Structures are given as structure tokens and as C-alpha cells.
Chemist: 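Let me give you the structure first, and then I'll get to my questions.
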2 protein chains.
Amino acid sequence: MTVAPRADAERNRELLLGAARAAFAEHGTDASLRDVARRAGVGIGTLYRHFPTREALVEALLDCNFDDLRDRAERLLTSPAPHEALLTWLAELAAEARTYQGLPQSILAALDDEQSELHVSCAAMRAAGARLLRRAQDAGRVRADLSVYEVISLALGLAWAAQQPGGSSDLMGRLLSTAMYGLTVPERSVSAGS
Amino acid sequence: MTVAPRADAERNRELLLGAARAAFAEHGTDASLRDVARRAGVGIGTLYRHFPTREALVEALLDCNFDDLRDRAERLLTSPAPHEALLTWLAELAAEARTYQGLPQSILAALDDEQSELHVSCAAMRAAGARLLRRAQDAGRVRADLSVYEVISLALGLAWAAQQPGGSSDLMGRLLSTAMYGLTVPERSVSAGS
DNA sequence: ACCTGAACACCGTTCAAGT
DNA sequence: ACCTGAACACCGTTCAAGT
């Protein structure tokens, strides 16, 4: 059985999470950990005791959000439109990844590295996304040769681009819909001029 | 009139460029500048004298390559297939951006920041790409509402994704062609089952 | 059990001193 | 004109000393 943590430890943990949220919002996932400890009013050693790696901190901040995305994928599985369900989910994934600068990178790294502290929640999310993709493919509305990995990379790549200076959430939406339906105009539309 | 630089200065410049090429290849655009100076066998002050900012160093390494991309776009303007010409060029842009980790980011930042040392060459490249895009749009084979900025962001976002752990140049090609023709299967194909 | 901060090995950047 | 490296202010990470 696990013992309840000491009250001061519990409090420091919350202070650190709050400080990290603020620092990451300002400077992205690569924000200074020393600065996080400073903002929390806590020694740098205390930060490392609670979160041994930067990833552990990111994980603590985002865990629920990844779980939400997995839940969301599972609920979308029962929607009547397999195709739209996938597109909706990819847009939500991209929106989530846009929360912090550097987050798209963390997610791809976590999927690739089984040792990563983010791996479990990310992989669960990917598995749920895979079922959503498969269903859309079985319905014949999504290219059959695409893998979950490719589809996720695509969404995160566009989320990344929309995070860069000059980008916006508006840009992300436009890039996503472009990729979904193609940059190219189907040939039949060409001959269908007024 | 400009005077010829001292022979030792010229030599140090070349040593620094070679060292930077190697360091960037290993650790990306964010490689340690101190390490670059060390590899070049030169004092850190000498690096700063030749390249006052990290961007100046990147610019010196990539200048010709961006010019090449601009030339390439201009030559593609005379090709008989406006649509394929654009897709070819975007693939070449993405391949170039994949040279170093961090390069897609540098390019987008340079396009946004007129003060950037990379701005001039990047903006010239963008202008050439814009003409290529316009021609494909006029031919009716590319969505008319897309801007050069969006099309470049898309290509660089996918180049970025393919650079992440687990990625590959193969992935980049697949992501690009997916975005070009769409993740979605056109509806007519659905009813055209055997 | 937990907190703290000094210590170590790095980094980017500047600038006085040298040739 | 150019090179050098010490100096400054940072950083990530560890660990002995404290309560």
C-alpha cells in the first residue's frame, strides 16, 4: 500500500506544476528548469526530486490531456461517419499539440522511445487513433496504404508549422484541411468550368 | 572598392565553415558554437568576428543552396506541366530543409523576420515559388485560395516531421504525396468498386 | 522523507589585451 | 586588421549536508 505523501511535498509538487505551466506557456517545453524552480519558490534539487527528467514534468502536465484524446478517439469510433470522425480527431490532436512550443516534438519522440516517460500515454492514444484510421479505411474513404504513424506525423508536422513565428491556429486549420483533401484540385473539376 | 582579406582571416573562415558543417550535421542548427570554434582550432572570439550571429553562420553555409532553389523555381516556370512543376519544387524545398535538424525552423523564422540574415535569400526563394504556385493555380490544378506562405509551411512542416526520431526521407516523400493528393479518397472512387 | 544550495561542467556572448 | 581567451551571466544535473 502506498503511504500518503507529506503535506509539504504535496504542496511543492503543485507549486512546481503551476510554475512549469507558466514557464512552458512562455518559452515552450525547453524552458529553463532552474527558472521553473525559481518561480515555484523551491530549491532546484526539489524540482529534480519530484520530476527526475524534463519529460516527467511534461508528462505530469499533459497526462490527462492525452488520456482525453484517447477517450475522444474511442467515442468517435461509434460515430456514423468514419471519415469525418478521423479528420475531427486529427484536428483535435493537432490542437492539443499546439499547446506548448516543442510539444509536437515531444510526442513524436515519446512514440519512438519506449523508455520515455510519455511513451505509455502517447502509445495508448496512438492505438485508439489506429482503430479510427482503420475504420475510415475500411469504409473506403481514406487511402488504404497510410499508417497511424504517418497520419499522426502529418498532423503534428502541420501543428509544428503553425507554431512557428508567423503561424496561427488559423493557419493550422487551413493546412490540415488542405492536406485532408489535397493541394491538388481533382481533374474532373477542371473540365467542369462554367 | 573592397580590399582582399588577410590570408589568415580567409583561412580561418574556411576552417570555421568546415567545422560548422560537421557540427550542424551531427547536432543540428543548434550545435554548440564553442564546439564549432574548437573543431576549427580557432578562438571563440574569431568565430564571432567572422559570423556575428548563429544565423550568419547558417546563411554562409546555405546561401548558394537557397539561390539554387530559386533558380530551380525559375527554370521550372517554363516547364509544360505547371502542376507537376510546383509539386517537384516543393519536394526539392523539403529535401533541402531536411539537410540539418532545425533548418525548417530557421527558414520559417527568416521569412517572418526581415532583420534575419537569412531573410534576403529566403524571400527571393519564396518569390520564385509564388510565381510557380500562381501558374499552377491559373492552370486550375491547384486550389486557388492557397498562399505561398501556406504551401511553404506545409512542405517545411512535413520536412520537420520526417526529421524527428523515427522519421526518414522515405516518410517525407510519403507525407508530401499524401498532402498533395489528399488523405481522402475522392468520392467517385468509392462507387467505382469492382 | 524531504528540502536546500553549492559544486561541476557546460553554454552564448563580449571585450581588453595582444600581434 | 585580426586573433585570443578570460570574464560574465546563464544553464542542466548531482549530491553532501541539513531538518
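Proteins get letters first, then strands, A, B, ... in listed order; numbering begins at 1 in each. Note that the structure is a prediction, hence the values are computed from the model and not measured.
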Chemist: Which nucleotide wins on minimum distance to the side chain of B:Arg49, given the candidates C:dC3, D:dT14, D:dC3?
Modeler: D:dC3

Chemist: What is the distance, to the nearest angstrom, from the CG atom on B:Leu15 to the C1' atom on D:dC3?
Modeler: 13 Å

Chemist: Just the rounded figure in Å: distance from P of C:dC2 to CZ of A:Phe51.
Modeler: 13 Å

Chemist: Just compare C:dC2, C:dT13, D:dC2 and give me whichever is closest to any side-chain atom of B:Asp8.
Modeler: D:dC2

Chemist: Tell me: CG of A:Leu47 to P of C:dG5, nearest whole Å?
Modeler: 14 Å

Chemist: Can you give me the closest heavy-atom contact between B:Glu150 and B:Asp145, atom names plus distance?
Modeler: OE1-O, 3.8 Å

Chemist: With both distances under 3.5 Å as the test, what is the Watson-Crick or G-U wobble partner of D:dA7?
Modeler: C:dT13

Chemist: Taking atom P of C:dC3 as reference, at what distance in whole Å does atom CZ of A:Arg11 sit?
Modeler: 12 Å

Chemist: Which whole-number value in Å describes the distance from A:Arg6 CZ to C:dT4 C1'?
Modeler: 13 Å

Chemist: With a 4.0 Å limit, can you tell me whether A:Asn12 has a side-chain N or O closer than that to the phosphate oxygens OP1/OP2 of C:dC2?
Modeler: no

Chemist: When you measure from the side chain of A:Arg34, which nucleotide among C:dA7, C:dT4, C:dT13 comes out closest?
Modeler: C:dA7

Chemist: As a test of reading the structure: which of C:dT4, C:dT14, C:dG5 is closest to the side chain of B:Tyr48, going by heavy atoms?
Modeler: C:dT14

Chemist: Heavy atoms, side chains only, cut-off 4.5 Å: are B:Asp113 and A:Pro165 in contact?
Modeler: no

Chemist: When the distance from CD1 of B:Ile44 to C1' of C:dC11 is rounded to whole Å, what number comes out?
Modeler: 10 Å

Chemist: Is it true that a side-chain atom of B:Gln137 and a backbone atom of B:Arg143 form a donor plus acceptor pair closer than 3.5 Å?
Modeler: yes

Chemist: Using every non-hydrogen atom in the two residues, find where A:Leu176 and A:Ala155 come nearest and quote the distance to one decimal.
Modeler: CD2-CA, 4.4 Å

Chemist: In whole angstrom, give the distance that lies between atom CZ of A:Arg13 and atom P of C:dA1.
Modeler: 18 Å

Chemist: If C:dC2 has a Watson-Crick or G-U wobble mate with both distances under 3.5 Å, name it; if not, just say none.
Modeler: D:dG18

Chemist: Rounded to the nearest angstrom, tell me the gap between atom NE2 in A:His50 and atom C1' in C:dA1.
Modeler: 10 Å

Chemist: Using heavy atoms to find the nearest nucleotide of DNA chain D for A:Gly45 and A:Asp30 separately, return the residue whose nucleotide is more 5′.
Modeler: A:Asp30

Chemist: Of the candidate nucleotides D:dC2, D:dC11, C:dC11, which contains the atom at the shortest distance from the side chain of A:Arg38?
Modeler: D:dC11

Chemist: Under 4.0 Å between any heavy atoms, over every strand shown, what does A:Asp35 touch: base, sugar-phosphate, or nothing? Just pick one.
Modeler: nothing

Chemist: Using a cut-off of 4.0 Å on non-hydrogen atoms, how would the nucleic acid contact of A:Ala7 be classed: base, sugar-phosphate, or nothing?
Modeler: nothing

Chemist: Go through D:dC11, D:dT13, D:dC3 for me and flag the one nearest to the A:Ser32 side chain.
Modeler: D:dC11

Chemist: Out of D:dC3, C:dG12, C:dC3, which has the shortest distance to the side chain of B:Leu33?
Modeler: C:dG12

Chemist: Check whether any side-chain heavy atom of B:Leu171 sits under 4.5 Å from a side-chain heavy atom of A:Tyr149, and report yes or no.
Modeler: yes

Chemist: Aromatic rings A:Trp160 and B:Trp160: how do their planes relate, parallel, tilted or perpendicular, breaks at 30° and 60°?
Modeler: parallel

Chemist: Pick base, sugar-phosphate or nothing for A:Ala37, based on heavy-atom distances below 4.0 Å to the nucleic acid.
Modeler: nothing

